[in-house]
Amino acid sequence: MHQPLPPRESARFVAERSRDVAVDDTSVRRTAELLLPAASGPALRVDGWRALHELNPRAADEAALSWVFVVDTLNFSFWAEQEERKCLVSYRGKTYSGYWALCAAVNRALDEGIPITSASYYATVTLDQVRHVFRSDTDVPMPLMEDRHRVLNEAGTILLQKFGGSFLNCVRKSEKSAQKLLQLVVESFPSYRDVTEFEGKRVAFYKRAQILVADTWSVLEGKGDGCFTDIASITMFADYRLPQVLAHLGALKYSDELLKKLCRGEMLSYGDKQEVEIRGCSLWCVELIRDCLLELIEKQSGKPNGEINSILLDYYLWDYARDHREDMKGIPFHRTRCIYY
Ligand SMILES: Nc1nc2c(c(CN[C@H]3C=C[C@H](O)[C@@H]3O)cn2[C@@H]2O[C@H](COP(=O)(O)O)[C@@H](O)[C@H]2O)c(=O)[nH]1
């Protein structure tokens with residue numbers, strides 16, 4: 001099967017043909033201006049990943065990479081049918097939901113002596129053990145539990161077979177190229193193959209593979225094995241939160257028909273035309289915000305800021321969405337159940 005378009009080209013192809021979703025250039029510029037002060041702060045820096053998030057690994061060693069790999073293998077579909085009835089995980093006195101509930105459950109398992117980050121364990125872990133590890137404080141389980149079990153067994157088996165059971169070996173095979181690591185991950189691990197079709201073209205957003213590369217760069221703080229020369233080629237991660245926050249900021253516009261559908265909470269299937277338009281336009285929108293922000297920084301300080309890339313913008317916007325949950329209540333997120341984001 002021929003190669004799909006890579007993420008950035010996929011996004012441009014979709015954005016140029018999209019009918020129900022559009023990027024709003026004025027709001028793109030306004031969002032870049034909103035982000036400008038953050039550009040010189042702690043948030044838009046690679047060490048923010050650890051400093052700003054207490055559940056992320058404290059070290060930058062092989063165990064931390066194993067943590068990143070198993071978390072990003074499961075980093076999908078946390079949204080609840082009803083907002084008020086959702087999976088919650090308490091850990092060290094705090095209660096977490098969504099993606100953070102996943103991280104809290106992994107850390108809780110490790111504290112309980114369950115080697116959930118070891119490929120030799122999760123390659124053969126049973127469904128009951130997975131249910132126990134990711135158990136919720138409420139009667140609402142984490143979504144897609146059977147899929148989580150299946151992708152754990154699959155990823156663990158492949159990591160043992162091809163990389164001696166250690167994701168560090170996979171990273172080292174990429175020879176400090178983010179694109180090589182991205183390709184190695186999607187070629188080796190089927191659950192990371194976030195590829196679909198749009199107007200007769202195969203398009204790839206590779207959301208979990210790209211965030212895995214980004215989190216690898218972040219946990220290693222861009223040093224040593226994580227010193228990727230081409231890290232700026234990684235795009236934002238086309239999930240269900242970023243479109244919501246971009247719509248909240250006005251940078252993404254939905255047609256009345258699509259907005260009505262989303263407000264009714266209608267499900268979109270993975271690969272639906274409108275689902276691909278939402279993801280493609282969101283990805284393209286962040287690329288434009290980044291270009292705009294780099295221009296503003298250059299004008300303001302006269303020198304280009306080599307650090308700002310789509311990964312750091314994505315992390316910032318994702319955290320922003322977390323911190324502005326209340327303000328964003330009126331803006332729907334699209335509901336797709338899948339293992340890709
Ligand atoms: N675009 C993008 N999507 C991201 C992330 C993250 C967390 N990653 C980093 C962020 C901080 C840490 O440092 C992690 O490294 C999770 N997600 C996605 O969001 C959804 C979960 O949302 P909610 O239901 O609200 O928890 C789900 O699709 C999940 O896959 C990100 O950063 N960017």
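In each ligand, atom 1 is the first atom listed, and ligand 1 is the first ligand listed. Residues take their numbers from the sequence shown, with the count starting at 1.
Of the heavy atoms in Trp79, none comes closer than 4.0 Å to ligand 1. At a heavy-atom cutoff of 4.0 Å, ligand 1 is contacted by no atom of Leu317, backbone or side chain. Counting heavy atoms closer than 4.0 Å to ligand 1, residue Lys207 contributes side-chain atoms (C-beta onward) but none from N, CA, C or O. Counting heavy atoms closer than 4.0 Å to ligand 1, residue Ile211 contributes side-chain atoms (C-beta onward) but none from N, CA, C or O. Neither the backbone nor the side chain of Gln210 has a heavy atom within less than 4.0 Å of ligand 1.
The distance from ligand 1 to the heavy atoms of Gly98 drops below 4.0 Å at these ligand atoms: 26 (O). Contact atoms of ligand 1 toward Asp215: 15 (O) (distance under 4.0 Å to a heavy atom of the residue). Contact atoms of ligand 1 toward Asn56: 12 (C), 13 (O) (distance under 4.0 Å to a heavy atom of the residue). For ligand 1, the atoms lying closer than 4.0 Å to a non-hydrogen atom of Tyr341 are 28 (O). The Leu242 neighbourhood of ligand 1 comprises atoms 1 (N), with distances under 4.0 Å to a heavy atom of that residue.
Inclusion of Tyr315 in the set of residues having an N or O under 3.5 Å from an N or O of ligand 1 is not warranted. Polar contact check, Ser77 against ligand 1: no nitrogen or oxygen pair lies under 3.5 Å apart. Here's the thing with Ser97: none of its N/O atoms is less than 3.5 angstrom from an N/O atom of ligand 1. For ligand 1, the polar-atom distance check finds an N/O of Asp239 within less than 3.5 Å of one of the ligand's N/O atoms. Where the criterion is an N or O separation shorter than 3.5 Å, residue side chain and backbone included, Phe237 meets it with respect to ligand 1. For ligand 1, the polar-atom distance check against Tyr99 finds a nitrogen or oxygen pair separated by under 3.5 Å.
Residues Glu287 and Thr235 bring no donor and acceptor atom of their side chains to less than 3.5 Å of each other. A donor-acceptor pair shorter than 3.5 Å can be found between the side chains of Arg290 and Ser310. Remark: the Ser136 side chain and the Thr138 side chain contain an N/O donor-acceptor pair separated by less than 3.5 Å. With hydrogens and angles left out, the side-chain atoms of Thr73 and Tyr122 include no donor and acceptor closer than 3.5 Å. For Gln274 and Asp20, the side-chain atoms include at least one donor-acceptor pair closer than 3.5 Å. Between the side chains of His132 and Asp128, no donor N or O sits under 3.5 Å from an acceptor N or O. In this structure, a donor-acceptor pair under 3.5 Å is absent between the side chains of Arg279 and Ser10. Inspection of the Trp67 and Asn107 side chains reveals an N or O donor paired with an N or O acceptor under 3.5 Å. Side chain to side chain, Asp137 and Tyr96 fail the donor-acceptor criterion of an N or O pair below 3.5 Å.
For the side-chain contact (heavy atoms from CB on, under 4.5 Å) with Val28, the lone residue among Leu293, Leu246, Ile289 that qualifies is Ile289. The ring pair (Phe, Tyr, Trp, His ring centres under 6.0 Å) with Trp318 is formed by just one residue from the set Tyr240, Tyr341, Tyr99; it is Tyr99. Across Tyr270, Phe237, Tyr192, Phe76, a single residue satisfies ring pair (Phe, Tyr, Trp, His ring centres under 6.0 Å) together with Tyr340, and that is Tyr270.
Under the 30°/60° scheme for interplanar angles, the aromatic rings of Tyr320 and His324 are found to lie parallel.
Ring centroids of Phe69 and Phe189 are separated by less than 6.0 Å, placing the two rings close together.
The residue among Tyr340, Tyr316, Tyr240 with a heavy atom at the shortest distance from atom 27 (C) of ligand 1 is Tyr240. Considering each of Asp314, Ile311, Asp72, Asp319, the one bringing a non-hydrogen atom nearest atom 33 (N) of ligand 1 is Asp314. Within the set Trp100, Phe78, Phe76, the minimum heavy-atom distance to atom 12 (C) of ligand 1 is found for Trp100.
Remark: distances from the non-hydrogen atoms of Val68 to ligand 1 are all 4.0 Å or more. At least one heavy atom of Arg241 sits closer than 4.0 Å to an atom of ligand 1. Residue-ligand proximity: Arg208 is placed with every non-hydrogen atom at 4.0 Å or more from ligand 1. Contact annotation: Arg322 has at least one heavy atom less than 4.0 Å from an atom of ligand 1.
The nearest protein atom to atom 4 (C) of ligand 1, hydrogens excluded, is given as Trp318 NE1, 3.3 Å; this is a heavy-atom distance. Remark: minimum distance from atom 15 (O) of ligand 1 to any protein heavy atom is reached at Trp49 NE1, 2.6 Å. For atom 29 (C) of ligand 1, the closest non-hydrogen atom on the protein side is Asn75 OD1, 3.1 Å.
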*asked:* Walk me through whether Glu199 and Lys273 qualify under salt bridge (charged side-chain N to carboxylate O under 4.0 Å, His left out).
replied: CA-CA 8 Å; Glu199 296 201 358; Lys273 183 166 175 29; 3.4 Å; yes

